[in-house]
Peer 1: 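Got a structure here, written out as structure tokens. Questions coming.
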Amino acid sequence: MDKPQRGFWCECWTQDVNDETGWPALRASFDAYSAPQADRWVAVALRTISPALAPDASDEAWAWLYDGRIDTRRALLRMEPCTVSLTHASTRITWTIRPVVFLPLANRQGADLPACAYDFTPHTTVSTATVNHQLGPKCQASTGTGQPHTTD
């Protein structure tokens with residue numbers, strides 16, 4: 001990808017509905033490059049978990065799969081965010097799909113890299129002491145006190 005590309009950022013969150021102070025937990029995320037790919041991600045998840053859901057939650061899942069999915073697809077094609085939620089026992093499961101613009105990462109080839117970039121030789125397993133030795137004082141992190149941070 002060499003230029004920005006429209007797509008959708010998809011997430012799956014869970015939250016205990018009985019825990020008033022509990023924060024939702026992010027369970028999965030997915031980058032989709034089309035509306036069909038985004039709603040398919042939710043559909044596959046719902047079909048996968050539906051046999052393990054309580055009857056009411058399973059009914060909610062299949063209702064979205066049969067009826068709600070088309071509304072979700074239409075909204076996504078209009079680049080509108082969508083949410084699909086159901087509750088199983090005391091857990092609320094929520095899938096979110098938001099339109100985004102994916103930006104390309106900078107290409108570092110041919111760019112001027114800092115001098116310390118050439119001092120580092122990657123290894124498969126590296127201890128902190130080895131990393132500090134290889135990086136040298138030019139790249140050691142600052143502790144915010146003006147003194148380099150070193151770890152042995």
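Throughout, numbering of the chain's residues begins at 1 and tracks the sequence. These numbers come from the heavy atoms of this one structure, side chains and all, not from hydrogens, waters or symmetry mates.
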Peer 1: Do Arg74 and Glu80 sit within salt-bridge range, that is, some charged N less than 4.0 Å from a carboxylate O?
Peer 2: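 Judged by the 4.0 Å cut-off on N to carboxylate O distance, Arg74 and Glu80 do not form a salt bridge.
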Peer 1: Check whether any side-chain N or O of Gln15 sits under 3.5 Å from a backbone N or O of Gly22 as a donor-acceptor pair, and report yes or no.
Peer 2: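 Yes; at least one donor-acceptor contact below 3.5 Å.
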Peer 1: In terms of heavy-atom contacts, does CG of Asp59 have more than 12 from other residues, nucleotides or ligands at under 6.0 Å?
Peer 2: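 Check passes, neighbour count above 12.
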Peer 1: What distance separates Arg27 CZ from Thr91 OG1, expressed to the nearest 0.5 Å?
Peer 2: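 Between Arg27 CZ and Thr91 OG1, I get 8.5 Å after rounding to 0.5 Å.
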Peer 1: How about Ser29 and Cys10: do any of their side-chain heavy atoms sit closer than 4.5 Å?
Peer 2: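 They are not in contact (no side-chain heavy atoms under 4.5 Å apart), so the answer is no.
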Peer 1: How about Asp56 and Thr87: do any of their side-chain heavy atoms sit closer than 4.5 Å?
Peer 2: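 They are not in side-chain contact.
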Peer 1: Which atom pair, heavy atoms only, marks the closest approach of Leu65 to Arg47?
Peer 2: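 Closest pair (atom of Leu65, atom of Arg47, distance): CD1-CG, 3.8 Å.
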Peer 1: Can you name the residues that form a side chain to side chain contact (heavy atoms under 4.5 Å, CB included) with Ser58, not counting sequence neighbours?
Peer 2: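 Expected list: Ser50, Leu53, Trp62.
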Peer 1: Do Trp64 and Val42 have side chains that get closer than 4.5 Å, going by heavy atoms?
Peer 2: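 Result yes, sub-4.5 Å side-chain heavy-atom pair found.
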Peer 1: Under a 4.5 Å cut-off applied to non-hydrogen side-chain atoms, are Asp39 and Val84 in contact?
Peer 2: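 Result no, sub-4.5 Å side-chain heavy-atom pair not found.
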Peer 1: Using side chain to side chain contact (heavy atoms under 4.5 Å, CB included) as the criterion, list what pairs up with Asp16, not counting sequence neighbours.
Peer 2: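 For Asp16, the residues satisfying side chain to side chain contact (heavy atoms under 4.5 Å, CB included) (neighbours in sequence not counted) are Asn18, Asp19, Ser90.
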Peer 1: Is any side-chain heavy atom of Phe8 closer than 4.5 Å to one of Leu76?
Peer 2: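 They are in contact (side-chain heavy atoms under 4.5 Å apart), so the answer is yes.
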Peer 1: Between Thr96 and Trp9, does any side-chain donor sit less than 3.5 Å from a side-chain acceptor?
Peer 2: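 Per modelled atom types, Thr96 and Trp9 side chains form no pair under 3.5 Å.
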Peer 1: Which residues pass the salt bridge (Lys or Arg N to Asp or Glu O under 4.0 Å) test with Arg40, not counting sequence neighbours?
Peer 2: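 Salt bridge (Lys or Arg N to Asp or Glu O under 4.0 Å) list for Arg40, sorted by chain: empty.
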Peer 1: In the single-linkage hydrophobic clustering (I, L, V, M, F, W, Y; side-chain heavy atoms under 4.5 Å), do Phe30 and Met79 co-cluster?
Peer 2: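 Yes.
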Peer 1: Assess the pair Tyr33 and Phe102: is the distance between their ring centroids shorter than 6.0 Å?
Peer 2: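 Yes; Phe102 has its ring centre under 6.0 Å from that of Tyr33.
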Peer 1: Find the distance between OG1 (Thr72) and CD1 (Ile97) and round it off to the nearest 0.5 Å.
Peer 2: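 Thr72 OG1 to Ile97 CD1: 6.5 Å, rounded to 0.5 Å.
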Peer 1: Please find the pair of heavy atoms, one from Cys12 and one from Trp95, that lie closest to each other, and give the distance.
Peer 2: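 Heavy atoms of Cys12 and Trp95 come nearest at SG-NE1, 3.5 Å.
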Peer 1: If we only count heavy atoms from C-beta on, is the Pro36 to Arg73 side-chain gap below 4.5 Å?
Peer 2: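 Yes, close enough: below the 4.5 Å cut-off.
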Peer 1: Hey, any chance Trp13 and Leu46 share a hydrophobic cluster, counting ILVMFWY side chains that come within less than 4.5 Å of each other, even indirectly?
Peer 2: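 No.
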Peer 1: I need the minimum non-hydrogen distance between Glu11 and Leu26, along with the two atoms involved.
Peer 2: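 Result for this residue pair: CB-CD1, 3.8 Å.
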Peer 1: Which pair of non-hydrogen atoms, one from Ala54 and one from His88, has the smallest distance, and what is that distance?
Peer 2: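 That closest heavy-atom pairing would be N-ND1, 2.9 Å.
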Peer 1: Please examine the side chains of Arg92 and Thr14, heavy atoms only from C-beta on, and report whether any two atoms are closer than 4.5 Å.
Peer 2: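 Sidechains of Arg92 and Thr14: no contact.
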